[in-house]
Amino acid sequence: MITSAETYSAFKLIHEGILALARAEAVGIRVDVDYCIRTTKRLDREINYANKKFEASDLAAQWKKVYRSEVNFNSDPQLAKVVFEHMKIEPKKFTEKGNPSVDEEALKMLGLEEVDLILKVRHLTKVRDTYIGGYLRENVEGIMRPFFNLHTVVSYRSSSDRINFQNQPNRDPLLKKLCREAILPHKGQKILCADFKGCEVSGAAAYNKDPQLIKYLIDPTTDMHRDVAVDCFLTTPDQIIKPVRNTAKSFFTFAQFYGDWYKSCAENMWKEMQNEDTHKLKSGIILLDHLYDKGIKTYQSFEDQVKKVEDIFWNKRFKVYKKWKEDWYADYLKKGYFTTLSGFTCRGVMDNKQAVNYPIQGSSFHMLLLTFILLDREQDRRGWKSRLIGQIHDEMVMSVDPAEEREVIETIQHIVTVEVPKIFTWINTPLVIEVETTEVNQSWYHKKDIHKKKEEGHADYQWLDAA
DNA sequence: GGAACTCGCCAC
DNA sequence: AAACGTGGCGAGTTCC
């Protein structure tokens, strides 16, 4: 893959972008070093305790027999050898290289009683060594300066390293708390996160100009993920609750946008639906029972249903998007390259998924990058104490002086609704920003949607009503 | 003793 | 025809 900035504006975006990101690196991110030291000690104790319990297990006894003095309970290759060669358990899942897998899913299929213990140690060591360990290694006098690169990613997205600020735990509640409690705003300030709602969907719409997709993005009374959930689960729109909507969103719609097919979508959704606490209808009926009543009594019949949903998705709902994918790839095959809306040319061997994903991924990030550049200028021009400190693909992270918070938010809104569309004239849907903040001196873990706070009656945010 | 590889797993 | 795109990183292991 060879990419190049073909136009002056594309060159300028990278040039200005890397300078703005370098300024964020210079500001840096504050780390709660005492917390990291305390937490490392606590994790050491918990890991030791879990390891002691594991050493008393049957699996550990077998392991010691095989590896004797070489035994290392942290080694996945050793685990695989003990389980699959020595204990002769039939492997059900394989790695990309074709070896028996010992990842979380594979282990759960083996039915070993030690699985929970192994997974617990994996989670805790990951937090200790990758995340907390990274903060301790990289901070100097309580400030770490993760790099944000614009020269490493084939699609012209960014990457981050030392530490990678773009993969801090967010999904698993325990990992999220343990890690994000360590990350603080600068003294006397708040952390403020501003992320683009549906950034890549907007990016996709700019390329494919699909009227149905655009309608979903323009009309707030519509809801794409709810509608897809209705198709998948054969229900009425009012019965779709958030976890069910999320399952359709993550495992059908986004997966399909990236190029997945119905079988793997069906398998993943089926797995999610086994959680009957979260996967029910608004009426309280369990989703699996509901599907049973609708005649979907087995996995196979659910898969058949998802196949139909895939057909509706691409041949009815988003048929213009589908046509664009086909035309875009055909054009690339003919010319040997394509040029993105933000002005970058990609050459070299790509399959059809890469050829349609790269431009969307790249230009979507460039909407954020341009916003970042303009905000970086504005914080200087206005002499704010508030500073940009990082970026996560479709989200900006700032350390904000509370006295400036209102102006910061208004400025961001102005940039994304007025300035960015003036420069990127190819954007064809409204850019929507969602803002979350912490309280003063609170860690990143405590960030909350300010609108939700308003619902809870926080008078501090009444000015928002007027805005 | 370090480079390169594999695996697992975190993010969008 | 095949079947989810882009990264970074730690640990273990193998190779030179």
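Naming: A, B, ... by sequence-line order, numbering from 1 per chain.
Between Tyr358(A) and dT6(C) there is a side-chain N or O to OP1 or OP2 distance below 4.0 Å. Considering only side-chain N and O atoms, Thr152(A) lies nowhere under 4.0 angstrom from the phosphate OP1 or OP2 of dG7(C). Regarding contacts with the backbone of dC4(C), a side-chain N or O of Trp261(A) is found under 4.0 angstrom from either OP1 or OP2. Phosphate proximity of dC12(B) to Asn170(A): present, with a side-chain N or O under 4.0 Å from OP1 or OP2. An OP1 or OP2 oxygen of dA3(C) is reached within less than 4.0 angstrom by no side-chain nitrogen or oxygen of Ser264(A). For dA3(C), the OP1/OP2 oxygens have no side-chain nitrogen or oxygen of Lys263(A) closer than 4.0 Å.
Tyr207(A) and Ser363(A) share a side-chain donor-acceptor pair at under 3.5 Å. In summary, the side chains of Gln391(A) and Ser158(A) do present a donor paired with an acceptor at a separation below 3.5 Å, with no hydrogens or angles considered.
Salt-bridge check for Asp210(A) with Arg317(A): failed, with every basic side-chain N at 4.0 Å or more from each acidic carboxylate O. For Arg122(A) and Glu104(A), the salt-bridge test fails: no basic side-chain N is under 4.0 Å from an acidic carboxylate O.
In the displayed structure, Phe84(A) atom CZ is contacted under 6.0 Å by more than 12 heavy atoms of other residues, nucleotides or ligands. More than 12 heavy atoms of other residues, nucleotides or ligands shown are found within 6.0 angstrom of CD on Gln274(A). Counting non-hydrogen atoms of neighbouring residues, nucleotides and ligands closer than 6.0 angstrom, the OH atom of Tyr299(A) exceeds 12 such neighbours.
A straight line from CD of Gln168(A) to P of dC9(B) spans 18 Å, rounded to a whole angstrom. One can place CE of Met269(A) at 14 Å from C1' of dC4(C), the figure rounded to the nearest angstrom. Separating the NZ atom of Lys325(A) from the C1' atom of dG5(C) is a distance of 12 Å, rounded to the nearest angstrom. To the nearest angstrom, P of dT6(C) lies 10 Å from NZ of Lys353(A). Rounded to an integer number of Å, the gap from CG of Asp351(A) to C1' of dT6(C) is 13 Å. Here the C1' atom of nucleotide dG5(C) and the CD atom of Gln256(A) are 14 Å apart, to the nearest Å. Atom CZ in Phe165(A) sits about 20 Å away from atom P in dG7(C), given to the nearest Å. Atom C1' of nucleotide dC12(B) and atom CD of Gln361(A) are separated by 8 Å, given to the nearest angstrom.
If you check every strand for non-hydrogen atoms under 4.0 Å, Asp260(A) touches a base. If you check every strand for non-hydrogen atoms under 4.0 Å, Gln354(A) touches sugar and phosphate atoms only. Using a 4.0 Å heavy-atom criterion, one finds that Glu104(A) contacts the sugar-phosphate atoms exclusively. Within the 4.0 angstrom heavy-atom criterion, no nucleotide atom of any strand lies near Ile360(A). Val102(A) comes within 4.0 angstrom of the backbone, heavy atoms only, and of no base. Contacts of Ser158(A) with the nucleic acid, taken as non-hydrogen atoms under 4.0 Å apart, are absent.
Side chain of Asn268(A) to backbone of Phe251(A): no donor-acceptor contact under 3.5 angstrom is found. Formation of a donor-acceptor pair under 3.5 Å by the Asp161(A) side chain with backbone atoms of Asn164(A) is not found in this model.
Residues of residues 107-123 of chain A that place a heavy atom closer than 4.0 Å to DNA chain C do not occur.
Proximity note for Pro169(A) (side chain, C-beta onward) versus dG8(B), dT6(B), dA11(B): the nearest is dA11(B). In the set dG8(B), dC12(B), dT6(C), dT6(C) carries the atom at the smallest distance from any side-chain atom of Val154(A).
For Arg157(A) against dC12(B), a side-chain N or O and a base N or O form a donor-acceptor pair under 3.5 Å.
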Using a 4.0 Å heavy-atom cut-off to protein, can you give one letter per nucleotide of nucleotides 9-16 of chain C, 5' to 3': B if the base is in contact, S if only the sugar-phosphate is, - if neither? SSSSS---
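If you take SG on Cys232(A) and CD on Gln305(A), they are separated by 7.5 Å, rounding to the nearest 0.5 Å.
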Can you list the steps and then say if Glu138(A) with Arg145(A) is a salt bridge (charged side-chain N to carboxylate O under 4.0 Å, His left out)? CA-CA 7 Å; Glu138(A) 294 297 335; Arg145(A) 304 175 191 282; over 6 Å; no
